[in-house]
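Comments concern the structure below.
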Number of protein chains: 2
Amino acid sequence: MKDQPWWYGRLKESGARLTEPREIVLEILRSAREHLTATDIYIQAHRMKPSIGLTTVYRTLELLIKLGIVQKFELGEGKARFELVDKPGGEGHHHLVCLKCRKIIDYSDISNDEKEFLSRVEDRLKKKYDFKILDHLMWFYGVCRECRGS
Amino acid sequence: MKDQPWWYGRLKESGARLTEPREIVLEILRSAREHLTATDIYIQAHRMKPSIGLTTVYRTLELLIKLGIVQKFELGEGKARFELVDKPGGEGHHHLVCLKCRKIIDYSDISNDEKEFLSRVEDRLKKKYDFKILDHLMWFYGVCRECRGS
DNA sequence: ACTCAAATGACAATGATTTTCATTTTTAAT
DNA sequence: ATTAAAAATGAAAATCATTGTCATTTGAGT
Ligand SMILES: [Mn+2]
Ligand SMILES: [Mn+2]
Ligand SMILES: [Zn+2]
Ligand SMILES: [Zn+2]
């Protein structure tokens, strides 16, 4: 009884039901290798169970975001993208965005270096702005190898 | 002949004309203390010159973004916000977002510490992903003093 | 089986952003 | 100063992601 994904408990505690549409959305997110839009998810979900509506996809994502299970970001494309949050206590990951082709790479080799640095920054912010930092995001922008030519 | 703002040359080089609507949008951004939406800018612009249309505001922002003079971000509000990019070679700044009230604080006391750290990370990313990093963004999320109660 | 809140899906509504197109403004050349 | 071509503009319509409405279905607990 220990092969539940990490977010299972969080969903249960919240009182929300783990319905089939929700399971399907979660499964799609789990197996996704890219950062999906709501419509991407809807299309895949619809294949698995044609009765699912786009509205439900949106509502499910909203719920999962509120529970801290899913993360949403917008890159100026006019639509949001979603991904499963990394398991708490794990490393976390950041993103590299190619400014030419808009490709996104997940970057997860967080060094100790980085962890120490971030906790120092968070201390500083706490003192200076009296802000309690809960999370952070780092995005790196550049040009990928393909877009620079060989 | 040296009191032109830093972006003046960039605009000229690009061949774009510095028209009155563009000057107005730039002046609004320069004097803004918050991160404005396109409509915010339009309302202010309209006060200064009622003939200006919202479409032109959008087109101007698009141009300025392409030239690297303006930065756009979206925080899940369903609309984008804009700000003038920091003068190149300057310190740059990051953002603190309060998850409760959505207030945004500009954080610009970048330490040497941080500069060194980031250049190390960029080296690492360059080696590992063959990505040429041009820029980065850091966002910190937390809860501000007011929203935690005194 | 029964109850009732929670969840769902079809559809309409909203609202930010983009497109279209006719008109005006700017620039460079005559 | 005229003129011609290109760039910029504004009003209005179109697009499209996201949200709201409401009638219906589902599920956990009795
Ligand atoms: Mn990711
Ligand atoms: Mn800022
Ligand atoms: Zn690329
Ligand atoms: Zn707050």
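So you know, we letter chains A, B, ... as the sequences are listed, proteins then strands, and number each from 1. In what follows, every heavy atom counts, from backbone to side chain, and hydrogens, waters and symmetry copies are set aside.
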### Task
Give a yes/no on whether any side-chain N or O of B:T55 is located under 4.0 angstrom from OP1 or OP2 of D:dG10.
no
### Task
State whether A:Y58 places a side-chain N or O below 4.0 Å from either non-bridging phosphate oxygen (OP1 or OP2) of D:dT19.
no
### Summary
Heavy-atom closest pair (A:R124 atom, B:Y107 atom, distance to 0.1 Å) is NH1-OH, 3.4 Å
#### Entry: Over all atoms of both residues, closest heavy-atom pair of A:F131 and B:C98
CZ-N, 3.6 Å
### B:H35 and B:D106: side chain donor to acceptor below 3.5 Å
yes
Using atom [atom1] of [X] as one end and atom [atom2] of [N] as the other, report the distance to the nearest whole Å.
| X | N | atom1 | atom2 | result |
| --- | --- | --- | --- | --- |
| B:L67 | D:dA8 | CG | P | 11 Å |
| B:R81 | C:dT17 | CZ | C1' | 16 Å |
| A:L54 | D:dA17 | CG | P | 9 Å |
| B:K66 | C:dT18 | NZ | P | 13 Å |
| A:K79 | C:dT18 | NZ | P | 12 Å |
| B:I65 | C:dT17 | CD1 | P | 10 Å |
| B:K49 | D:dA8 | NZ | C1' | 11 Å |
| B:R17 | D:dA7 | CZ | C1' | 4 Å |

### Task
Indicate yes or no for a side-chain donor-acceptor contact from A:E74 to the backbone of B:G76 under 3.5 Å, with no hydrogens or angles considered.
yes
### Task
Measure from the side-chain N and O atoms of A:D123 to the backbone N and O of A:R120, and report whether any donor-acceptor pair falls under 3.5 Å.
no
### Check: C:dG9 base within 3.5 Å donor-acceptor of A:R59 side chain
yes
### Query
Under 30°, 30 to 60°, or over 60°: which ring-plane class applies to B:W139 and B:F73, parallel, tilted or perpendicular?
perpendicular
### Task
Just say parallel, tilted or perpendicular for the rings of B:H95 and B:H93, cut-offs at 30° and 60°.
perpendicular
### Query
Under a 4.0 Å heavy-atom cut-off, which of residues 18-42 of chain A touch DNA chain C?
A:T19, A:P21, A:R22
